[in-house]
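Positions are given from 1, in the same order as the sequence printed here. Indexing begins at 1, ligand by ligand and atom by atom, following the structure's order.
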Amino acid sequence: MNALKIESLKKSFGANTVINDMSLEIPEHSVFGFLGQNGAGKTTTMKMILGFLEPDGGSIEVFGEPVVYGKSGTNRYVGYLPDVPQFYSYMKPMEYLRLCGAAAGMGPGETEAAGTRLLDMVGLKNNGKKIGGFSRGMKQRLGIAQALLHSPKLLICDEPTSALDPVGRKEILEILEQVTEKTTVLFSTHILSDVERVCDRVAVLHEGKLALCGTMEEIRAAKKRSGIYVEFREKEEWKKFRGLPELSHLFIHAEASGRGAAIRTADVDRTGNEILQALERHEMVPLKFEIEEPGLEDLFMEAVL
Ligand SMILES: Nc1ncnc2c1ncn2[C@@H]1O[C@H](COP(=O)(O)OP(=O)(O)OP(=O)(O)O)[C@@H](O)[C@H]1O
């Protein structure tokens with residue numbers, strides 16, 4: 001089942017068309033990275049999913065139920081962490097979660113059990129401090145605990161790691177990875193390495209549409225051919241390898257350096273075998289033989305430039 005299905009979504013602010021006929025599906029239990037440049041419309045999309053903002057056209061379904069602007073019915077499935085979560089700074093974490101639980105209509109016992117479990121999960125269980133004294137990372141972790149309090153099946157996080165240092169980012173990513181057994185995660189970010197680390201699906205929003213969308217493997221396969229990097233210890237060995245007639249066709253698409261080359265190919269297995277067999281035949285041992293896959297950064301730049 002899809003956790004989220006968006007069809008032909010449209011949204012403009014005056015003459016500024018932000019979302020222009022965008023469609024997207026997120027299967028249950030995915031960790032979905034929603035990428036886009038500043039102002040691409042990521043927050044706008046999230047607000048429409050939450051029913052906070054009215055689309056100009058198209059439809060959004062959360063677990064098969066239509067999202068209706070101004071109505072919160074589908075939000076019983078959704079936990080939301082805004083980009084800058086707001087808290088009452090004089091409260092302690094559990095006090096704050098009790099307040100949130102009551103606002104969400106949860107019973108005290110249910111809130112206590114869920115709150116204790118979640119504060120433990122985000123590393124704030126024994127924290128006696130008031131929220132006003134929390135670091136940004138601690139506030140984001142508390143924000144995740146709050147967003148998960150009513151056991152949502154879809155967690156939407158708007159740039160949860162952007163303002164954090166590497167340690168804070170790592171902590172948040174580990175929490176997001178942990179929750180995927182029960183929860184589908186959609187998070188927006190500028191940090192491509194975060195997406196590469198935890199997401200199994202990714203979309204790049206550009207000029208109101210998805211410039212790229214799919215599993216990481218699909219995107220890598222569709223957008224750019226992989227390469228094989230071969231390097232030798234000695235320049236002479238490299239020249240010999242470069243001159244092998246049976247491999248000459250491979251060097252048409254190669255980026256050569258002093259003692260090796262990155263050979264571009266659409267079929268890594270076949271080309272890799274060809275190279276390995278030639279190396280064996282000629283009793284040559286390379287210093288390096290590496291399969292190169294395009295990074296998300298290459299793909300992102302290709303999609304938005
Ligand atoms: N309420 C609004 N009224 C007018 N324009 C708006 C409104 N909300 C957003 N916009 C415009 O819509 C565009 C998309 O904004 P949005 O915040 O969705 O982008 P984003 O991808 O989340 O960007 P960022 O990564 O910088 O947070 C921007 O040009 C923004 O100025």
Side-chain angles (χ1 to χ4, degrees), residues 3-26 30-60 62 67-72 74-75 78-87 136-137 139-140 143-144 147 154-166 168-169 172-173 176 184-199 201-214 219 296-305:
L4 181 70
K5 185 173 179 188
I6 297 179
E7 269 185 323
S8 306
L9 192 67
K10 296 186 181 75
K11 181 69 190 174
S12 300
F13 296 103
N16 181 12
T17 301
V18 177
I19 303 298
N20 185 11
D21 209 8
M22 185 186 88
S23 299
L24 166 69
E25 288 183 13
I26 304 185
S30 328
V31 185
F32 195 93
F34 195 32
L35 288 164
Q37 292 165 307
N38 282 328
K42 302 180 296 292
T43 303
T44 301
T45 305
M46 290 180 168
K47 285 184 177 167
M48 288 191 280
I49 297 168
L50 291 154
F52 298 165
L53 197 61
E54 189 170 20
D56 297 333
S59 64
I60 304 175
V62 173
V67 174
V68 182
Y69 166 63
K71 300 256 189 316
S72 60
T74 43
N75 285 350
V78 184
Y80 175 50
L81 177 66
D83 48 355
V84 186
Q86 302 294 330
F87 303 102
R136 280 180 170 177
K139 283 184 181 165
Q140 288 292 33
I144 293 182
L154 173 63
L155 175 66
I156 298 180
C157 303
D158 196 352
E159 311 233 3
T161 55
S162 295
L164 305 181
D165 63 22
R169 275 173 44 212
I172 296 291
L173 294 174
L176 294 183
T184 305
V185 178
L186 163 64
F187 81 95
S188 68
T189 182
H190 300 292
I191 304 168
L192 298 171
S193 58
D194 287 358
V195 171
E196 291 202 283
R197 203 170 132 191
V198 297
C199 293
R201 286 171 185 267
V202 61
V204 177
L205 182 60
H206 183 59
E207 295 180 344
K209 288 190 168 62
L210 297 185
L212 273 178
C213 184
I219 286 169
L296 191 56
E297 190 152 357
D298 303 318
L299 302 172
F300 180 80
M301 296 309 281
E302 227 181 281
V304 302
L305 290 179

Is the shortest side-chain heavy-atom distance between T44 and L53 below 4.5 Å?
yes

4.5 Å side-chain heavy-atom contact, L24 and F32:
yes

For Y80, enumerate each residue passing the ring pair (Phe, Tyr, Trp, His ring centres under 6.0 Å) test, keeping only those at least two apart in sequence or located in another chain.
none

Within the distance-only criterion (no hydrogens, no angle test), does the side chain of K42 pair as donor or acceptor with the backbone N or O of F34 below 3.5 angstrom?
no

Tell me whether D165 contacts the main-chain N or O of G168 through its side chain, where contact means a donor paired with an acceptor under 3.5 Å.
yes

Here the gap from D56 atom CG to T17 atom OG1, rounded to the nearest 0.5 Å, amounts to 8.5 Å

Within the 4.0 Å heavy-atom sphere of ligand 1, strictly under, residues:
F13, N16, V18, Q37, N38, G39, A40, G41, K42, T43, T44, E159, H190

